[in-house]
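One structure is given here, and the rest of the page talks about it.
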Amino acid sequence: MTLSDKSIQNLKNKSQQRIWNYVTALQQLQNALFELEKEENDPEILEDLTKRALEIGKEIESILELIEKITED
């Protein structure tokens, strides 16, 4: 993950615009990794790219859950 769980929790102290900017940047990074995967044949590199894209997906999910909690309060 790019941010630790503690850092993600600390995002609740940031503006929603800053949080969404971060989520958008993560989505762009994840999309770039998917594009690299399309052109790659080396299994080791593919595994690394896939692992990283999945980690980013989990981070995005954690942040979206945090946003949901913030908006419920």
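We use all heavy atoms of the structure for the numbers below, so side chains are in, but hydrogens, waters and symmetry mates are not. FYI, the numbering just counts along the sequence from 1.
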| request: Provide the full list of salt bridge (charged side-chain N to carboxylate O under 4.0 Å, His left out) pairs with a residue in residues 29-39, sequence neighbours left out, each pair given once. | output: E35-K38
| task | Output every pair passing salt bridge (charged side-chain N to carboxylate O under 4.0 Å, His left out) with a member in residues 10-19, not counting sequence neighbours, ordered by first then second residue. | result | none
| task | State whether K58 and E61 are salt-bridged, where the test is any N-O pair (Lys NZ or Arg NE/NH1/NH2 against Asp/Glu carboxylate O) under 4.0 Å. | result | no
| said: Between Q9 and D5, do the side chains contain a donor N or O and an acceptor N or O under 3.5 Å apart? | reply: no
| Do Q27 and Y22 get their side chains close enough for a donor-acceptor pair, meaning under 3.5 Å? | no
Out of curiosity, does [Y] fall in the hydrophobic cluster containing [X] (side-chain heavy atoms, cut-off under 4.5 Å, transitive links)?
X   : Y   : answer
I45 : L54 : no
F34 : I60 : no
L26 : L64 : yes

From [X] [atom1] over to [Y] [atom2], what is the distance, rounded to the nearest 0.5 angstrom?
X   : Y   : atom1 : atom2 : value
L46 : K51 : CG    : NZ    : 14.5 Å
I56 : N31 : CD1   : CG    : 9.5 Å
Q30 : L49 : CD    : CG    : 12.0 Å
T24 : Q17 : OG1   : CD    : 8.0 Å

| query | Does N41 have any side chain to side chain contact (heavy atoms under 4.5 Å, CB included) partners at least two apart in sequence or in another chain, and if so, which? | reply | none
| message | Does any part of the side chain of L33, heavy atoms only, come nearer than 4.5 Å to the side chain of T50, both counted from C-beta? | response |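 No, too far: nothing below the 4.5 Å cut-off.
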| query | I67 and W20: side-chain contact (heavy atoms from CB on, under 4.5 Å), yes or no, with the steps? | reply | CA-CA 9 Å; I67 291 171; W20 281 113; 3.8 Å; yes
